[in-house]
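Some notes on the structure that comes next.
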Amino acid sequence: MKYTLCAAMALLATLPAHADDSATAGWNVGLAATVSQSPFVDGDAALSGKPVMLGNNEFDIAGPTLSLSATPQREFYIGAGLDDWDYERGDSPTLQDMKSLDRAINLRVGGAWKLASGSATVDLAQDVAGAHKGAQVKARYTQRLAGSYAAVRPYMEAQWLSADMTDYYVGVDADEVKAGRPAYQADAALALKAGMLLEQPISKRLTLVGEANVTGYDSAISDSPIIDNSTIWGGAMGVAYRW
């Protein structure tokens with residue numbers, strides 16, 4: 001599936017754009033279907049959806065946000081979002097006897113800066129739903145490629161995940177121990193993510209959007225007995241409509 005997604009995005013990048021720069025300004029929102037490989041033992045890939053909100057300021061801020069202060073070169077914002085982690089552990093039959101997890105809802109604050117060749121963002125998120133009460137920081141650089149009909153933007157992202165967050169998802173409590181699954185308490189972790197974003201206008205109001213990415217986690221996560229994959233892939237495909 002991951003190869004099909006990458007091939008589709010590569011094909012879209014070669015298509016001529018049909019957008020009209022005089023299109024009416026307004027909300028540019030939509031929905032994308034997402035897929036991500038499960039890091040958990042015997043876990044299935046997670047299929048879901050996410051909102052798409054396209055901006056015209058080239059800051060490449062991910063997810064729903066509200067601008068607090070903006071200039072042509074920088075923006076500060078607040079927002080909300082969900083953890084990237086699958087709180088259902090990929091519906092793994094091997095892990096069904098472990099305690100169930102709740103969905104974390106994060107309050108986000110961050111800043112974005114426009115650079116000569118792209119943009120940079122720093123985003124701090126704190127769980128406010130009480131699932132794990134942990135925090136995470138993401139620092140991303142996104143490059144805009146010149147000479148492409150579609151907006152193709154590769155990116156690199158460094159992540160820091162607090163111990164509360166990592167232990168919530170990959171820790172093993174004493175009452176969850178069994179043969180082949182020792183107790184495990186996770187520390188704060190680091191992760192690196194690389195990916196490619198794509199926005200292909202297909203009419204004055206419709207834009208096809210896509211993403212392919214891969215994320216690698218450090219030993220604080222990969223050493224957990226319930227983790228099978230320390231490097232996972234993901235992707236998305238959808239459409240946005242300019243209202």
Side-chain angles (χ1 to χ4, degrees), residues 1 29-53 61-66 77-110 121-138 140 157 159-173 175-176 181 184-191 193 195 209 211 213-218 220-222 224-238:
M1 184 179 292
V29 299
L31 186 67
T34 66
V35 58
S36 59
Q37 181 184 16
S38 175
F40 295 102
V41 172
D42 296 330
D44 295 327
L47 299 173
S48 61
K50 69 175 183 179
V52 173
M53 299 184 68
I61 301 172
T65 60
L66 176 65
Y77 62 87
I78 60 172
L82 303 174
D83 279 351
D84 294 333
W85 281 84
D86 179 10
Y87 72 105
E88 295 179 329
R89 301 191 184 96
D91 291 323
S92 169
T94 306
L95 307 180
Q96 288 296 315
D97 59 326
M98 298 183 67
K99 68 177 182 294
S100 60
L101 304 179
D102 296 322
R103 173 63 64 88
I105 301 175
N106 298 314
L107 176 65
R108 300 167 49 209
V109 295
T121 60
V122 177
D123 191 288
L124 169 63
Q126 172 69 49
D127 171 34
V128 293
H132 54 69
K133 301 179 182 179
Q136 53 190 305
V137 179
K138 298 179 180 180
R140 175 183 290 200
E157 180 178 276
Q159 303 177 2
W160 174 83
L161 314 176
S162 73
D164 287 336
M165 179 179 173
T166 56
D167 191 57
Y168 183 73
Y169 289 111
V170 309
V172 179
D173 294 338
D175 58 354
E176 297 174 323
R181 189 203 295 162
Y184 185 77
Q185 183 173 357
D187 294 325
L190 296 174
K193 183 176 183 179
V209 296
E211 180 179 1
N213 59 66
V214 60
T215 305
Y217 297 100
D218 73 2
I221 290 175
S222 62
S224 169
I226 66 172
I227 292 296
D228 194 33
N229 301 301
S230 61
T231 301
I232 61 173
W233 56 265
M237 190 68 73

**Q.** Nearest non-hydrogen partners of W160 and A188, listed with the distance
**A.** NE1-CB, 3.8 Å

**Q.** Donor-acceptor contact present, side-chain D218 to main-chain A220, <3.5 Å
**A.** yes

Q | Contacts of type side chain to side chain contact (heavy atoms under 4.5 Å, CB included), residue T34, not counting sequence neighbours | A | S48, K50, A236

Q: Give a yes or no on whether the backbone of M237 and the side-chain of E211 come within a donor-acceptor separation of less than 3.5 Å.
A: no

Q: Mind checking side chain to side chain contact (heavy atoms under 4.5 Å, CB included) for S222 and listing every partner two or more places apart, or none if nothing turns up?
A: S219, S230

Q.
Would you compute the distance between atom CG of D173 and atom NZ of K99 and round it to the nearest 0.5 angstrom?
A. 3.5 Å

Q | Closest non-hydrogen atom pair, A80 against R108 | A | O-NH1, 3.8 Å

Q | Residue from V137, L190, I221 passing side-chain contact (heavy atoms from CB on, under 4.5 Å) with L161 | A | I221

(Q) Going by the rule salt bridge (Lys or Arg N to Asp or Glu O under 4.0 Å), which residues pair with K138 if we only count those two or more places apart in sequence or in a different chain? (A) D84

Q.
Checking E157 now: which residues fulfil side-chain hydrogen bond (donor to acceptor under 3.5 Å, both in side chains) with it, not counting sequence neighbours?
A. R140, Q159

Q. Under the side chain to side chain contact (heavy atoms under 4.5 Å, CB included) test, which residues partner D97, sequence neighbours left out?
A. K178, R181

Q: Grab the two heavy atoms, one from S92 and one from Q96, that are nearest each other, plus how far apart they are.
A: O-NE2, 3.1 Å

Which donor-acceptor pairs under 3.5 Å do the side chains of residues 165-172 make with protein atoms, sequence neighbours left out?
from, atom 1, to, atom 2, distance (Å)
T166, OG1, S162, O, 3.3
T166, OG1, A163, O, 3.3
T166, OG1, D187, O, 2.7
D167, OD1, A186, N, 2.9
Y168, OH, D102, N, 2.6
Y168, OH, D102, O, 3.4
Y169, OH, D83, OD2, 2.6

(Q) Which heavy atom of R103 sits nearest to which heavy atom of A131, and what is that distance? (A) O-CB, 3.9 Å

(Q) The test is side chain to side chain contact (heavy atoms under 4.5 Å, CB included); show your working for Y77 and V109 and say whether it passes. (A) CA-CA 6 Å; Y77 62 87; V109 295; over 6 Å; no

(Q) List the residues meeting side chain to side chain contact (heavy atoms under 4.5 Å, CB included) with A129, not counting sequence neighbours, and say none if there are none. (A) I105, D127

Q | Atom pair OG (S36) and CG (D44), whose distance is rounded to the nearest 0.5 Å | A | 11.0 Å

Q.
Applying salt bridge (Lys or Arg N to Asp or Glu O under 4.0 Å), can you list everything that pairs with E88, at least two apart in sequence or on another chain?
A. none

Q. What pair of heavy atoms forms the shortest contact from L31 to P51, and how long is it?
A. CD1-N, 4.2 Å

(Q) Restricting to side-chain hydrogen bond (donor to acceptor under 3.5 Å, both in side chains), what partner residues turn up for T94, sequence neighbours left out? (A) D42

(Q) Has Q136 got a side-chain atom pairing as donor or acceptor with Q126's backbone, closer than 3.5 angstrom? (A) no

Q.
Applying salt bridge (Lys or Arg N to Asp or Glu O under 4.0 Å), can you list everything that pairs with D164, at least two apart in sequence or on another chain?
A. none

**Q.** Separation of F40 CZ from I227 CD1 (nearest 0.5 Å)
**A.** 4.5 Å

Q | Contact summary for P225 and V41, nearest pair of heavy atoms | A | O-CG2, 3.7 Å

Q.
So, taking the atom named CG in N106 and the one named CG in L124, what distance separates them when rounded to the nearest 0.5 Å?
A. 9.5 Å

Q) How long is the gap from CG on D86 to CD on Q37, to the nearest 0.5 Å? A) 12.0 Å

